[in-house]
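Read through the structure below, which is laid out as structure tokens, and then see the notes.
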Amino acid sequence: MIRLKSVAEIDRLRCAGAKLSEVLHFVGEMVSPGVTTKDLDRAAEVRIRELGAKPAFLHYSGYPATLCVSVNEQVIHGIPGRRVLESGDVVSLDLGLVFDDYYADSAITVGCGTMAARDVELIDTTREGLYAGIGAVRAGARLGDIGHEVQTLVEAHGMSVVRDYVGHGVGRELHEDPEVPNYGRAGTGIALKEGLVIAVEPMVNAGSSAVRVLEDDWTVVTVDGQKSAHFEHTVAVTAKGPLILTQP
Ligand code: MF3
Ligand code: CO
């Protein structure tokens with residue numbers, strides 16, 4: 001069931017989203033050779049609590065951390081730990097928080113130190129794919145329009161969109177209906193209405209779209225071992241078009 005949000009609810013989501021954006025970019029700035037993934041997780045949790053919010057992922061379905069840190073061939077849901085970041089790593093950071101009973105969810109991918117040109121292209125393409133998808137988040141558009149925009153942009157770079165994981169509705173809960181695929185056909189799927197709030201979150205692989213889950217039951221990696229990137233924003237459909245809630 002899709003729960004549309006009132007203007008007052010979208011204001012509350014905007015507060016949650018602004019805090020999330022601040023923490024996520026703070027943690028993104030910390031990414032550099034020698035930093036451990038656990039350092040990033042700890043900083044994220046401390047900053048979230050300082051802002052009077054709570055981590056959304058910690059203990060969600062048993063997830064053991066505040067932040068997901070997915071490095072190189074890891075696509076999503078990488079668990080922070082003792083791993084030390086190295087120059088050239090592609091580092092995806094996914095973070096969610098709840099503030100005033102509303103959830104916000106966002107992800108960025110940053111390069112660590114000196115980056116290979118193709119890895120910079122992977123990161124840029126994934127970010128551009130997210131913004132292409134967000135461009136389709138308008139009243140009267142269809143859900144398939146979002147995925148179509150993401151997929152078209154990504155495949156033009158010879159890269160692929162992950163199909164086994166999708167974006168989602170967000171608001172009173174971290175995951176609400178509908179599912180928001182990053183692939184699809186324009187003009188198909190449900191019509192987008194004012195008050196719809198969704199997390200658009202393309203996961204883009206440099207090689208094949210195939211992924212699998214590691215033995216830790218969380219970390220999703222590419223089957224071919226090539227690198228992957230992930231960007232995500234929480235976005236509302238408003239009378240004035242898409243409103244990105246997870247930015248300052
Ligand atoms: N942004 C991810 C999602 O929407 C993060 C969830 S990870 C979990 O699914 F740890 F919370 F499960
Ligand atoms: Co999400």
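Index from 1, following the sequence. When a ligand or atom number is given, it counts from 1 through the structure's own listing order.
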More than 12 heavy atoms of other groups within 6.0 Å of R118 CZ =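 Enclosed.
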For atom NZ of K38, is the number of surrounding heavy atoms from other residues, nucleotides or ligands below 6.0 Å larger than 12?
->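 Buried by this count: over 12 neighbours within 6.0 Å.
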Heavy-atom contacts under 4.0 Å between Y165 and ligand 1: side chain, backbone, both, or neither?
->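 Neither part.
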Residue portion contacting ligand 1 (non-hydrogen atoms closer than 4.0 Å) for F57 =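 For F57, the contact with ligand 1 is made by both the backbone and the side chain.
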Which of the atoms in ligand 1, numbered in the order shown and given with their element, are less than 4.0 Å from a heavy-atom of E232?
->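 Numbered from 1, ligand 1 contributes 1 (N).
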Which atoms of ligand 1 sit under 4.0 Å from any heavy atom of W218?
->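 Once the distances to W218 are compared, the set is 12 (F).
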For [atom], the protein heavy atom that lies nearest, with its residue and separation:
atom	result
atom 4 (O) of ligand 1	H168 NE2, 2.8 Å
atom 3 (C) of ligand 1	H175 NE2, 3.2 Å
atom 2 (C) of ligand 1	D94 OD2, 3.1 Å
atom 10 (F) of ligand 1	Y63 CG, 3.0 Å

Could you check whether [X] pairs with [Y] (Lys NZ or Arg NE/NH1/NH2 to Asp/Glu carboxylate O, under 4.0 Å)?
X	Y	answer
R14	D11	yes
E50	R47	yes
R138	E194	no

Would one find an N, O or S atom of D94, in either backbone or side chain, under 2.8 Å from the Co ion (ligand 2)?
->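 Short answer: no, not a single N, O or S atom is under the cut-off.
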Is there at least one pair of N or O atoms, one from D105 and one from ligand 1, spaced under 3.5 Å apart?
->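 There is such a contact, yes.
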H175-Y103 aromatic ring centre distance below 6.0 Å |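 They do not qualify: ring centres at least 6.0 Å apart.
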Does H148 have its ring centroid less than 6.0 Å away from the ring centroid of Y183?
->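 No: the rings miss the under 6.0 Å criterion.
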Out of M203, H77, E201, whose heavy atom is nearest to atom 6 (C) of ligand 1?
->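 Heavy atom nearest to atom 6 (C) of ligand 1 belongs to H77.
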Checking salt bridge (Lys or Arg N to Asp or Glu O under 4.0 Å) for the pair E176/R172: CA distance, chi angles, key distance, verdict?
-> CA-CA 8 Å; E176 299 183 359; R172 293 298 295 220; over 6 Å; no
Taking the Co ion (ligand 2) as the reference point, name the nearest N/O/S atom of D105.
->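 The D105 atom nearest to the Co ion (ligand 2), restricting to N, O or S, is OD2.
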Check all N, O or S atoms of E201 and name the one closest to the Co ion (ligand 2).
->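 The nearest such atom is OE2.
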Side chain to side chain contact (heavy atoms under 4.5 Å, CB included) between K227 and Q74: does it pass, once the steps are laid out?
-> CA-CA 7 Å; K227 289 175 184 164; Q74 298 175 350; over 6 Å; no
E232 OE2 and H168 NE2 subtending at the Co ion (ligand 2) (10° steps) =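 Reported to 10°, the angle equals 110°.
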